[in-house]
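Let me begin by presenting the structure, written as C-alpha cells, before commenting on it.
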Protein chains: 2
Amino acid sequence: MASHGARGRGGGRPTLEEVAARAGVGRGTVSRVINGSPRVSDATRAAVEAAVAELGYVPNTAARALAANRTDAIALVVPEPETRFFAEPYFSDMLRGVGAALSDTEMQLLLIFAGSDRERQRLAEYLAAHRVDGVLLVSVHADDPLPELLSQLEIPAVISGPRSAAETLASVDSDNYGGARQAVEHLLGRGRRTIAHITGRLDVYGAQRRIDGYRDALREAGHAADELLIEAGDFSEDGGRRAMAALLERRPDLDAVFAASDVTAAGARYALREAGRRIPDDVALVGYDDSAIARHMDPPLTSVRQPIEEMGRAMIDLLLAEVADRRPTATRELERRQMVLATELVGRASS
Amino acid sequence: MASHGARGRGGGRPTLEEVAARAGVGRGTVSRVINGSPRVSDATRAAVEAAVAELGYVPNTAARALAANRTDAIALVVPEPETRFFAEPYFSDMLRGVGAALSDTEMQLLLIFAGSDRERQRLAEYLAAHRVDGVLLVSVHADDPLPELLSQLEIPAVISGPRSAAETLASVDSDNYGGARQAVEHLLGRGRRTIAHITGRLDVYGAQRRIDGYRDALREAGHAADELLIEAGDFSEDGGRRAMAALLERRPDLDAVFAASDVTAAGARYALREAGRRIPDDVALVGYDDSAIARHMDPPLTSVRQPIEEMGRAMIDLLLAEVADRRPTATRELERRQMVLATELVGRASS
DNA sequence: AGGTACTGTGGGAGCGCTCCCACAAGTGAT
DNA sequence: ATCACTTGTGGGAGCGCTCCCACAGTACCT
C-alpha cells in the first residue's frame, strides 16, 4: 500500500532495490547475482532470480555506467569520407560477424561516422569523453591520426587490416599474401604463363602483401621477375581500367590478370573488351573479395574470398578481451595480437 | 592543494562541479549553460563557456541519462535474418543519410540486429528497458510484431516503407507508385507495346504500389489490362529468373519487362538469355533501386532510383521531432506524418 | 578455549548529472 | 515605503547502480 513512491517518471520499471525487497535480501546481494559473482549462496541466488523474473527487472544501463565507470558499448568507426564503403560486401559481411559475436554479450554497438572533418572532431570529443569501452577500426589509412589518439586515451581498439607489419594495435586480417598466391597458382594451374597484376592502393598494407604473394608465387614457379607485368591501381573501377590499358600496351602478350579487387577487375574487363580480348579465352581474369560484382559480372569472375564474417567475429573477440583486460579485476597479461585468417579461391568462368 | 580528490579513477575528466568552481558560479548555472537555457546572463554564460573550454569539459552521458531519464541515443533495427541486406545500396545509402542528419545533433546511433529469435528477444528487453529514445525501422514485414511493441512501450519510431496505406507509425517512403509509372512510361516512350511486370514480394506494400503504378500507366496509355503479363517475384534473383521463364512461356510476344528490383532484373536477364532473347533488341529491361548491380550488369540496366540518402535524413528528422515531442517541455502537437519522396529514372543500355 | 580464516550478506557512500525549490536583487505599480 | 512580480543564481535531493567496508556465522586450526 505504501512504497509505490519509487515508481515515478520512468513508467515504473523496477529497480535493484525493489528486486531486493521482493527477494528479501539486500541491494548488494542482488547486484552480485545480476553480475554473476560467485560469492552468493545457491538458495539466495535462486530467490533473487525468481524476483528478477517476476518483476521483469532489467538493469538500468545509465546507472551502471555511471557507477562502474564503463559503458558496455563499443564503437564501430566508419572512416570513409565517401561512405560507398557500406555498399561493399566487405563491410556488410563484417558487420554480420560483428553482430553475431556481439549478440552473445551485453555490449551494444555504436556506429560512428568519421568522414568529414566535422565528424572526426565529434569523434575525438566522443572518445575523449570515454563514451565507449572499445573501438573497432575498419580500413584505416596509413597516415590516419586516429590509432594514435586511441593509444593516448588508452582506449582498447582493434583494427581490421593492419597498417604495416609492425602494427601496434591489435589487428585482424585475412591472409592477403596467401590469397594472392592462391590466385596466381590457380592461373598457373590453368596453363597461363604471362600473368599480370593490377595492384591496390600502394599505401595499403594489404595491397603490398598481395603484391608480395603474386611475386613469390611466380618466382617459386620458376618465372623470372618482370616488373612490366605489375601496374598500380587504386581499388577503383577506373583505376583498373587505366591499369589494364597500360599493361596491354606494355605487354600485349599477357594471358592472365590478377586484380587486387573485384571492382578493379571490373575496370580491367572494360579495357580488355575495348582491346578486343576475350575472357577467359584470350585473357583469364581473377579478382579479389568475391563480392556481388564478381557473381554478376559477365563472365562471372573468379575471385579470392576473404572470411569476412569470421573476421568480424574475431575483431569482437579480440576487442572484448582487451576491454576485459583493462577492467580493474583483470590480470594485465594480454600480449598484442595479430590474427590472420585464411582465404579461399572461388573459381568461376573468367578463368 | 586540496580538492584533487574529485579526480579519481576515470582518468581525471573534469566534472560539472569543477567547471563551476573554475567559473566561480554554481553547479546549476553551468548545467543551464551547457543545456542552452535562456535564463543565464550574458556575462555568466561567457565565464562558464571559458571555463568549459579551458578544462576541456565534456558532459558525462551516463550521468545525464540517469538524472534526466533519457539516453540521447536512437537505434537502427536491422530486422533481416540474412543480413545480406547491408550489401544492398539501399541500406548503405540510407545509413549515409542517417549519419549525415545525425552529425548535426548530440544523438548517437545504435545498430541492433534482430535477425534471429535470440536477437529479437534481446531487442525486446532492450526496448522494455528504454535504452534508446527512438527507433528507426527498416524494411519491416507486414506481420512483424515489432511496431506494435513499440507503440505499447510508447517509444517513438519511424518506419521506412510503410506496411500499408494505413500505417500508424510515422513513415518515410519513396514514391513506389510514381517510380513504377516512370518505368512503364519510359518503356512506352521507347515504342514498347507488350510490357510485363515481375513483382516484388506481394506482402510488401511498396511492391503493391509498384504494381498499381504499372497498371495505371498502361491503362492510361490505352492498353487493355492483361493479368497474364504480371508474374509474382520475391525480390530475389532466382525468383526473377523463374518469373521471367513463366512469362516467356505465357506471353512469348512480350517486348519489355519492368522488374520490381535490380536483383530481380538480373534473374530475369538470365532467363531471357537462356531463351535466346537479346537485351534490349528483343526485350527491354528496367529494374528498380539503381544499385551497383544495375551499373555492372551486361548490358547496364535502366533502373528507378530512390532518393535513399534523403530518405535516411527524413527519417531522422521525423524521429527527432517525435522524440522532442515526448520530452516534458514539449507541446503535444505532432500529427502522424507520412513522407513520400520522388524517384528518378536512370536510363541505361538495357532499354 | 581462543585464534584465524573464510563465506555470505547488508547497506553506506558516491558516480556526475538534472530538476526544482529557495532566495537575492532588481523593477515598477500602488 | 510596501507589495508583487521577474530574472538570475546556488545548491539540495535524487536518479539506480557498483564498490567496498563491516560484520555475523561457520569451520578448522592450535
Side-chain angles (χ1 to χ4, degrees), chain A residues 5-48 52 55 57-72 106 129-131 133 327-329, chain B residues 5-48 51-52 55 57-72 106 129-131 327-329:
Chain A
R7 318 212 154 202
R9 40 180 168 166
R13 288 188 293 287
T15 69
L16 245 206
E17 199 106 34
E18 291 171 317
V19 174
R22 175 111 189 186
V25 300
R27 197 166 18 79
T29 301
V30 177
S31 177
R32 258 165 246 136
V33 172
I34 299 291
N35 293 290
S37 158
R39 311 197 136 302
V40 181
S41 72
D42 289 349
T44 308
R45 181 183 308 278
V48 171
V52 165
L55 262 34
Y57 171 75
V58 184
N60 178 319
T61 350
R64 174 177 283 182
L66 179 59
N69 196 37
R70 62 194 165 100
T71 65
D72 288 329
E106 289 285 270
H130 282 254
R131 274 153 72 157
D133 291 341
R327 308 260 230 241
T329 49
Chain B
R7 317 211 154 205
R9 41 182 168 163
R13 289 187 293 286
T15 69
L16 245 205
E17 196 107 32
E18 290 172 317
V19 174
R22 174 110 187 186
V25 301
R27 197 167 17 80
T29 301
V30 177
S31 177
R32 259 164 246 135
V33 172
I34 299 291
N35 293 291
S37 158
R39 310 196 136 306
V40 182
S41 70
D42 290 348
T44 308
R45 181 182 307 278
V48 171
V52 164
L55 262 33
Y57 171 76
V58 184
N60 179 320
T61 349
R64 174 177 285 180
L66 180 58
N69 198 35
R70 60 191 166 106
T71 66
D72 288 329
E106 290 284 272
H130 282 256
R131 274 152 73 156
R327 305 260 230 242
T329 48

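Because only heavy atoms are used, hydrogens play no part in the values below, and waters and symmetry mates are left out as well, while side chains stay in. Lettering of chains follows the sequences in order, A, B, ..., and the numbering in each one begins at 1.
Taking atom CZ on B:Arg32 and atom P on D:dT7, their separation rounds to 14 Å, with Å as the unit. Here C:dT7 presents its P atom at 14 Å from CG of A:Asp42, a figure rounded to the nearest Å. Spacing between atom CD of B:Glu18 and atom C1' of C:dG16 amounts to 10 Å, rounded to whole angstrom units. Atom pair B:Ile34:CD1 and C:dC19:C1' shows a separation of 16 Å (rounding to whole Å applied). In this structure, B:Arg70 atom CZ and C:dC17 atom C1' are separated by 11 Å, rounded to whole Å. In this entry the distance linking CZ of A:Arg13 with P of D:dC15 reads 13 Å, nearest Å. Here D:dG11 presents its C1' atom at 9 Å from CD of B:Glu17, a figure rounded to the nearest Å. Between B:Leu55 atom CG and C:dG16 atom P the separation is 13 Å, expressed in whole Å.
Of the side-chain N and O atoms in B:Thr29, one or more sit less than 4.0 angstrom from OP1 or OP2 of D:dG10. Applying the 4.0 Å criterion to OP1 and OP2 of D:dT18, one finds that A:Ser31 has a side-chain N or O inside that range. One finds a side-chain N or O of A:Asn35 lying less than 4.0 angstrom from the OP1 or OP2 phosphate oxygen of D:dT18.
One distance of note links CZ of B:Arg27 with CZ of B:Arg32; it measures 10.0 Å at 0.5 Å rounding.
Listed nucleotides D:dT9, C:dT18, D:dC17 differ in distance to B:Ser41; the shortest reach to its side chain belongs to D:dT9. Of all nucleotides listed (C:dC17, D:dG16, C:dT7), D:dG16 comes nearest to the side chain of A:Asn60. Of the candidate nucleotides C:dG16, C:dA13, D:dG8, C:dG16 has the atom nearest to the side chain of A:Leu66. For A:Arg27, counting side-chain heavy atoms from C-beta on, the closest listed nucleotide (C:dG11, C:dC19, D:dG11) is C:dG11. Ranking D:dG10, D:dC17, C:dC17 by closeness to the B:Leu16 side chain, first place goes to C:dC17. Residue B:Ala67 places its side chain closer to D:dG14 than to any other of C:dC19, D:dT18, D:dG14.
A:Arg64 places a side-chain heavy atom less than 4.5 Å from the side chain of A:Arg70. In this structure, A:Val19 and A:Arg22 have side chains that are not in contact, with every pair of non-hydrogen atoms separated by 4.5 Å or more. Proximity of A:Val25 to A:Val30: side-chain heavy atoms (C-beta onward) are separated by under 4.5 Å at one or more points. Residues B:Ile34 and B:Val52 meet the side-chain proximity criterion, which asks for heavy atoms closer than 4.5 Å.
Residue order along DNA chain C, read from the 5' end via each residue's closest nucleotide, puts A:Arg45 first among A:Arg45 and B:Tyr57.
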